[in-house]
Amino acid sequence: MVQVEKGTFTVKKGLAEMLKGGVIMDVTTPEQAKIAEEAGACAVMALERVPADIRAAGGVARMADPTIILKIMDAVTIPVMAKARIGHFVEAQILEKLGVDYIDESEVLTPADEEFHINKNDFKVPFVCGARNLGEALRRIGEGAAMIRTKGEPGTGNVVEAVRHMRRVMSEIRRLQNLPEEELMTFAKEIQAPYELVLEVKKLGRLPVVNFAAGGIATPADAALMMQLGSDGIFVGSGIFKSKDPKKRAKAIVAATTHYNDPEILAEISKDLGEAMPGIEISSIKQEERMQERGW
Amino acid sequence: MQIGVLAMQGAFLEHIRSLEALGVKGIEIRKKNQLKEIDGLIIPGGESTTIGKLMIEFDLMDTVRSLVEDGMPVFGTCAGLVLLAQEIIESDQPRIGLMNAKARRNAFGRQIESFEVDLDIPVLGEDPFHAVFIRAPFLEEVNPPAEVLARFMDKTVLARQGNILAAAFHPELTNDLRLHRYFIELAK
């Protein structure tokens, strides 16, 4: 009998590898999902509301209604992701049962647990989690996340926080690579990360899983900026369907993620995109209302 | 010798790493003029719809097709297999479309059905090949001059038609370099 293994870390991480160099777009309807697929998205995130609307609505944000997720799964052939609240392992069980291709344990939704994240090793479906620094990324990977993204500040159309988080992770990796063996345990203690994963990052010179940028990306130039800073790919939340011409902007962001190092092409595809989503200055958001502060 | 790896989207870096492990230079291909410099082309795993659209938008599709028609060796893995098949079931997506075969996308199911398994690949010798399948396609029909090189559960997962090689799985995600070596022999 041939042994077939499903739900291994290799296949979980493997799907994220296949998404690299691509754009994952937030969508709330099957029509939007089709627009995203048509524009060249490598996956979509099925939601009830995009982060900008969640921010505006306030209250408690939860997993989307399964009906919406299933309709979106029916509408497209590319992978479909969906969000569960931090620590809400039953929402994750439901999403796994629906057959979504990736679960985002996301700070965009209101956390269900203020101490613990989901034990992602319990699941066959892979998880992506947000991180602001190396320690947070490695804690999530330790819990079983097969993909990491920066948190940024979702729903703002302001890339500054995503840049901060990506630079932070990269500079901590560079620092780690220059540390002598005897300092590694203390480094792991300082950043509150599992020691074994710290050793692995030192060996690889990068995170052991794919690392995307998310939170505030609104233009092709934003996407290319994040790629040049070392992202493996891009999540765009509100940036597409809160802009004037979603089709055109979606297509331009996809092209910018492929040609991130080519200013000539970037200049061409940035033309005549219509108005971007309205942005929010981060300092105008109260500390306790910042989504990036969620997660432990 | 230089092998190009199409870098529209997907796991192109892993292929370059596999090529380098065999002492062959791999270069990322994003523009048409880069196709002149290569002796063979790998089309990596990723989203076949995304890769196909970008090949059209940046005007690589026709050039790649005519280079392959003129005999340039090409190796497609997963999404690459889909793009090489003449027919794609229930899809009118852009494709290179030169292998006389019918591909079915996401043929084993969604991500929770993704799997690893040891495959028998006679052309690579007796040892089984550990293969990683991710939302993988298979070839439902393979017609001459295309020939089946490996099957799993009665489905074709590796096929060759002269200079065209197509795998439903991801040899770039494991350390077994035999399939890349087999392809490089075609390019010599």
Checklist entry - Which residue, A/Val125, A/Asp101, A/Val11, forms the side chain to side chain contact (heavy atoms under 4.5 Å, CB included) with B/Ser114? => result A/Val11

Report which part of [X] has an atom under 4.5 Å of a heavy atom belonging to chain A: side chain, backbone, both, or neither.
X	result
B/Phe152	side chain
B/Glu116	both
B/Thr49	side chain
B/Asn106	side chain

Neighbour count above 12 (heavy atom, 6.0 Å) for [X] [atom1]:
X	atom1	result
B/Gln2	CD	yes
B/Asn33	CG	yes
B/Glu126	CD	no
A/Lys34	NZ	no
A/Phe241	CZ	yes
A/Lys251	NZ	no
A/Lys71	NZ	no

Checklist entry - Got A/Glu17 and B/Ile134 here, is their nearest side-chain heavy-atom distance under 4.5 Å? => result no

Next on the checklist: Let's go through A/Thr77 and B/Glu90 carefully: what are the C-alpha distance in whole Å and the side-chain angles of both, what is the deciding distance for side chain to side chain contact (heavy atoms under 4.5 Å, CB included) to 0.1 Å, and is it a yes or a no?
Outcome noted: CA-CA 10 Å; A/Thr77 60; B/Glu90 289 165 27; over 6 Å; no

Just how far is it from atom [atom1] of [X] to atom [atom2] of [Y], taken to the nearest 0.5 Å?
X	Y	atom1	atom2	value
A/His259	B/Leu54	NE2	CG	6.5 Å
B/Gln93	A/Glu37	CD	CD	8.5 Å
B/Ile112	A/Leu15	CD1	CG	12.0 Å
B/Glu113	A/Lys124	CD	NZ	9.5 Å
A/Thr10	B/Leu173	OG1	CG	8.5 Å
A/Ile24	B/Glu47	CD1	CD	10.5 Å

Checklist entry - Could you go step by step and tell me if A/Lys20 and B/Glu14 meet the salt bridge (Lys or Arg N to Asp or Glu O under 4.0 Å) rule? => result CA-CA 11 Å; A/Lys20 283 192 303 192; B/Glu14 284 67 20; 2.5 Å; yes

Item to check | Max heavy-atom pair count under 4.5 Å with chain B, selected residue of A/Ile265, A/Val210, A/Val100, A/Val23 | outcome: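 The option with the most such pairs is A/Ile265.
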
Item to check | Top contributor to chain B interface from A/Glu38, A/Lys12, A/Glu96 [non-hydrogen pairs under 4.5 Å] | outcome: A/Glu38

Next on the checklist: For a quick test of reading the model, state the closest non-hydrogen atom pair linking B/Gln111 to A/Pro126 and the distance between them.
Outcome noted: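 It is CG-CD, 3.6 Å.
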
Item to check | Check: A/Met18 main-chain N/O paired with B/Gln9 side-chain donor or acceptor under 3.5 Å | outcome: yes

Next on the checklist: Determine whether A/Asp262 and B/Arg30 satisfy the following criterion, salt bridge (Lys or Arg N to Asp or Glu O under 4.0 Å), listing intermediate values before the conclusion.
Outcome noted: CA-CA 10 Å; A/Asp262 192 327; B/Arg30 290 189 175 78; over 6 Å; no

Item to check | Region of A/Val80 that comes under 4.5 Å of a non-hydrogen atom in chain B | outcome: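 Contact with chain B: backbone and side chain both.
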
Checklist entry - Would A/Met73 and B/Arg110 satisfy side chain to side chain contact (heavy atoms under 4.5 Å, CB included), going step by step from the backbone distance to the final call? => result CA-CA 10 Å; A/Met73 285 165 60; B/Arg110 305 193 71 96; 3.7 Å; yes

